[in-house]
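Everything below concerns the one structure shown next.
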Amino acid sequence: MSRPGRYWLMKSEPSVFSFDDLKARPRSTDHWDGVRNYQARNYMRDMKKGDLVLFYHSNCDTPGVVGIAEIVREAYPDHTAFDPSSRYYDPKSGPDNPRWFMVDVKWKEALRRTVTLREMRGLQEVSGMKLMQKGQRLSVMPVTKDEFETIRGLGMAH
DNA sequence: GCCAACGTTGGC
DNA sequence: GCCAACGTTGGC
């Protein structure tokens, strides 16, 4: 049973893992590990192959959306939770009862310019996004098709 | 089940 | 570096 493609926004700190870093990976694909928030996890479990992602740079000089990525593998256990030497280790998650999940994300398209958080706050079409809500800290969140296309359009315009 | 303490996120 | 907002933890 297929469903229409959905749209998401995923945050990453560029000093840790940037959109360019994703592009540089083999097949421009990497697993999105380290999510340790239940709501974000639940969103990741809703992701389907082919869903598109706004790649957002957070905690940096110019926070904003820098590119588009695509979900290429649906949720599977996040093995970093099983590894005591990982910063994402969670002793309550084991291979027999995984608590945390990840997806595989593929670099798809760079925006011609960053669509900044500041700019989005002033735009009625996208100002309702969860991203804009005060105190909202989710690193993975759904966006509507309209929001996705508005932001992509801005980033691709001259 | 309450809630204070703590750690984290992330814009500024 | 600051700090507001939030989620989680754990004592009781």
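The model shown is predicted, which means the values in this text are computed figures rather than measured ones. Naming: A, B, ... by sequence-line order, numbering from 1 per chain.
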Report summary line: On DNA chain C, more 5' by nearest nucleotide between K134(A) and K92(A) is K134(A)
Query raised in the report: Base, sugar-phosphate alone, or nothing: which one does L138(A) contact when heavy atoms must sit under 4.0 Å apart?
Result: sugar-phosphate
Query raised in the report: With clusters built from Ile, Leu, Val, Met, Phe, Trp and Tyr whose side-chain heavy atoms come within less than 4.5 Å, directly or transitively, what are the remaining members of the cluster of F101(A), listed by chain and number?
Result: none
Query - Heavy-atom contact window of chain A on DNA chain B, given 5' to 3' at under 4.0 Å - result: dG7(B) to dC12(B)
Query raised in the report: What residue among W32(A), W8(A), F148(A) forms ring pair (Phe, Tyr, Trp, His ring centres under 6.0 Å) with F55(A)?
Result: W32(A)
Report summary line: Residue pairs passing the salt bridge (Lys or Arg N to Asp or Glu O under 4.0 Å) test with at least one member in residues 5-27 of chain A, sequence neighbours excluded, are R25(A)-D30(A)
Query - Salt-bridge criterion met for D104(A) and K49(A) (N-O under 4.0 Å) - result: no
Requested in this report: Would you mind classifying the nucleic acid contact of R36(A) as base, sugar-phosphate or nothing, using non-hydrogen atoms under 4.0 angstrom?
Outcome: nothing
Report task. Of all the heavy-atom pairs spanning S127(A) and M132(A), show the shortest one and how long it is. Result -> O-CB, 3.7 Å
Query - Nearest-nucleotide comparison on DNA chain C, the residue closer to the 5′ end among N59(A) and R137(A) - result: N59(A)
Query raised in the report: Going by distance alone, is a donor N or O of one side chain under 3.5 Å from an acceptor N or O of the other, for S93(A) and R36(A)?
Result: no
